[in-house]
Amino acid sequence: MTSVVPDGISPVAVDKAIEKLTAELGAESVVTAREDLLEFRDPYAYRESDEFDASAMVLPTTTEQVQAITRIAGEYGVPLWTFSQGRNNTYGGPAPRLRGSVLVNLRKMNRILEIDTDLAYAVVEPGVRWFDLHEALEREGGELWASIPDLGWGSVIGNSLEYGIGYTPYGDHARNICGLEVVLPDGSLLRTGMGAMDGNPARHTYPHSYGPSVAGLFQQSNLGIVTSTGWWLMRRPETYLAGWARFHGYEALGAVVDGLRGLLLDRTIENHPMFTRGYEVDENGVGHLNPDGDGWVVRFALYGRQPVVDAQYRTIEATLGRLPGVELAKRVFSGTDLTGPANHDERVQRGIPDMDLLDPQMLPYGADTGHLDFSPVGPATGDAVVRTEQLVRSIYARQGRAYVNGIFLTPRSALHISTTFFDPRDEQETEAVYANYSELVHELAKTGYAPYRTNLAHMDLVADQFGFGDHAQLRFAEKLKDALDPRGILAPGKSGIWPATLRPGRDRDSEQ
Ligand SMILES: Cc1cc2nc3c(=O)[nH]c(=O)nc-3n(C[C@H](O)[C@H](O)[C@H](O)COP(=O)(O)OP(=O)(O)OC[C@H]3O[C@@H](n4cnc5c(N)ncnc54)[C@H](O)[C@@H]3O)c2cc1C
């Protein structure tokens with residue numbers, strides 16, 4: 001009998017559901033042993049905490065099995081929590097928001113169903129990692145590149161559903177999704193966009209629907225389990241240029257942000273520049289943390305035909321290069337050169353996945369280092385970016401915590417990603433870091449900012465910040481939740497969206 005049960009669900013119901021799931025999937029695809037499930041805790045929560053423990057885990061291999069799982073869960077009212085690779089570290093890892101949920105681990109659904117070189121897309125299942133996609137694209141001749149995040153072990157689908165970010169011109173990963181296949185809470189199957197029509201050849205090439213587009217309802221949501229998607233890729237360019245600008249101080253930061261925004265808006269630069277502070281790469285390409293350092297570096301990249309890239313770089317020199325205290329550097333590669341891009345910055349903007357960034361992040365406490373990322377989003381003006389950086393820095397200073405900093409720049413917005421490090425074996429320190437995060441949320445909310453993505457413990461708090469119209473957006477999501485998933489079986493609490501039975505009291509006079 002399972003000892004971890006969700007609130008309000010009887011242990012007998014959970015056991016019966018597990019029995020039925022075992023009959024459906026086979027014993028080898030159902031995990032109930034406590035010691036095996038511990039591996040699927042959030043690695044950055046307090047190590048001994050059982051607050052986000054799962055009751056069991058299932059590993060389906062087909063869409064039909066995912067449908068059967070949701071039907072069985074619905075029958076017994078047992079909540080599920082889905083992950084694709086479950087590497088969502090710093091935002092909860094593989095762990096469920098609601099203790100006692102059954103994990104739906106999609107790592108075994110890892111087929112690349114199609115690569116279309118002419119139309120530059122792939123169709124992937126949820127278990128496909130960045131490493132897998134890159135390898136498959138290279139096997140096909142390397143004519144297509146995938147935008148990738150900093151760590152290669154995550155999944156294309158899990159990352160993209162979370163609005164994950166990468167560093168080629170296709171770096172807004174949610175936008176690469178085209179043609180989802182989704183299992184709904186009642187076990188039925190839905191295909192979005194042109195895929196809603198049998199045999200439609202534009203299923204993975206045209207992103208909108210006839211009528212309202214529903215694909216977005218499955219991102220950062222708990223309305224379905226995505227079993228495949230089309231995902232857009234970029235064509236290999238003739239030339240790839242990895243560039244950097246280095247500078248010190250807030251005045252230069254503001255000027256570089258404004259300069260880069262202009263270059264992004266006029267499409268001289270088409271990828272997503274990433275600023276870092278507190279993390280330095282030495283002459284051997286090895287990264288080191290230096291939270292006290294006041295040096296900034298921003299990486300960016302150019303892609304295209306050689307004369308065009310040359311002209312674009314001259315424009316960058318004439319814009320950023322003339323700013324006082326800004327030093328520019330570049331390395332240029334042929335598009336077919338796989339081994340030339342040697343350091344992480346060069347590889348990640350070229351779509352070659354690695355795990356290099358994890359090592360320096362493990363320095364403070366060794367393999368047990370925990371980190372918590374705070375990622376509010378604001379507009380991409382120099383003034384706004386500098387004000388936000390100063391505010392965040394002053395809060396961390398008051399809390400007495402060191403952190404490293406990243407700013408992901410798009411033509412109109414800036415994601416401010418600050419990472420603080422702690423020892424998750426230390427209960428008090430972990431609690432203090434999580435309390436500090438709440439303070440950051442409250443303080444930034446006073447300036448109108450909120451995180452674009454958050455960890456399990458802060459999902460409700462972040463949802464609370466979106467209060468316009470008496471939380472009209474959240475109430476809309478809740479209405480959909482009640483209609484599509486009346487028993488509340490899919491990921492209760494994800495993004496602060498709870499089923500009616502578990503909904504926290506909120507002052508909603510106008511609720512009807
Ligand atoms: C050092 C470091 C660097 C990082 N760099 C980046 C970066 O550059 N860019 C970035 O975006 N992130 C980054 N991250 C955050 C995170 O590690 C990645 O986003 C990672 O890819 C997420 O894990 P995953 O892909 O395995 O997603 P998963 O853990 O599989 O999924 C994430 C969430 O999506 C939902 N979900 C997943 N699959 C499904 C499905 N099939 N159906 C319905 N819902 C689903 C679930 O709610 C799940 O919790 C970084 C983290 C660290 C620690």
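Below, all heavy atoms of this structure are taken into account, side chains as well, without hydrogens, waters or symmetry copies. Numbering of ligands and ligand atoms starts at 1, following listing order.
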Ligand 1 N/O within reach of [X] N/O, cut-off under 3.5 Å:
X: Pro149; value: no
X: Leu358; value: no
X: Gln85; value: yes
X: Arg87; value: yes
X: Tyr44; value: no
X: Asn159; value: yes

Using a 4.0 Å heavy-atom threshold (strictly under), name the region of [X] that reaches ligand 1: side chain, backbone, both or neither.
X: Leu106; result: side chain
X: Tyr167; result: side chain
X: Gln220; result: neither
X: Trp81; result: side chain
X: His173; result: neither

Atom 14 (N) of ligand 1 touched by protein heavy atom at under 4.0 Å: no

Sub-4.0 Å atoms of ligand 1 with respect to non-hydrogen atoms of [X]:
X: Ile165; result: 7 (C), 8 (O), 9 (N), 10 (C), 11 (O)
X: Leu151; result: 1 (C), 2 (C), 3 (C), 52 (C)
X: Asn89; result: 15 (C), 17 (O), 51 (C), 53 (C)
X: Gly164; result: 11 (O)
X: Gly154; result: 21 (O), 25 (O), 26 (O)
X: Gly224; result: 43 (C)
X: Ser155; result: 24 (P), 25 (O), 26 (O), 27 (O), 30 (O)
X: Glu162; result: 32 (C), 33 (C), 34 (O)

Where is the nearest protein heavy atom to [atom]: which residue, which atom, and how far?
atom: atom 38 (N) of ligand 1; value: Ser84 OG, 2.7 Å
atom: atom 47 (O) of ligand 1; value: Lys494 NZ, 3.0 Å
atom: atom 5 (N) of ligand 1; value: Asp150 CB, 3.6 Å
atom: atom 46 (C) of ligand 1; value: Thr82 O, 3.3 Å
atom: atom 42 (N) of ligand 1; value: Val226 N, 2.9 Å

Please test Glu125 against Leu106 for side-chain contact (heavy atoms from CB on, under 4.5 Å), starting from the C-alpha separation and ending with a verdict. CA-CA 9 Å; Glu125 289 189 329; Leu106 297 174; over 6 Å; no

Any chance you could lay out the side-chain contact (heavy atoms from CB on, under 4.5 Å) test for Asp53 and Leu37, step after step, and finish with the verdict? CA-CA 8 Å; Asp53 275 8; Leu37 291 170; over 6 Å; no

Would Asp368 and Arg425 count as a salt bridge (Lys or Arg N to Asp or Glu O under 4.0 Å) here? Give the steps. CA-CA 8 Å; Asp368 283 305; Arg425 293 161 305 183; 3.0 Å; yes

Just checking, is any N or O donor in the side chain of Ser375 or Asp373 under 3.5 Å from an acceptor N or O on the other one? no

State, without any angle test, whether His344 and Asp354 hold a side-chain donor-acceptor pair at a distance under 3.5 Å. yes

Salt bridge [X]-[Y], side-chain N to carboxylate O under 4.0 Å:
X: Glu162; Y: Lys494; answer: yes
X: Arg71; Y: Asp186; answer: no
X: Arg503; Y: Asp482; answer: yes
X: Arg401; Y: Glu429; answer: yes

Can you find a non-hydrogen atom of Gly86 under 4.0 Å from ligand 1? yes

For this output row, return yes or no: ring centroids of [X] and [Y] closer than 6.0 angstrom.
X: Phe466; Y: His471; result: no
X: His458; Y: Tyr437; result: yes
X: Trp130; Y: Trp231; result: yes

Please check this pair: side chain of Thr430 against backbone of Asp426, looking for a donor-acceptor N/O pair closer than 3.5 Å. yes

Determine, considering heavy atoms only, which of [options] sits nearest to [atom].
atom: atom 18 (C) of ligand 1; options: Arg97, His371, Arg453; result: Arg453
atom: atom 31 (O) of ligand 1; options: Ser221, Gly93, Gly158; result: Gly158
atom: atom 44 (N) of ligand 1; options: Leu161, Leu223, Ile157, Asn88; result: Leu161

Is the NZ or CZ atom of [X] positioned over [Y]'s six-membered ring, under 6.0 angstrom from the centre and within 45° of the axis?
X: Arg87; Y: Trp153; value: yes
X: Arg299; Y: Tyr167; value: yes
X: Arg97; Y: Trp81; value: no

Scan Val30, Leu80, Ile69 and name whichever one has a side chain to side chain contact (heavy atoms under 4.5 Å, CB included) with Val102. Leu80

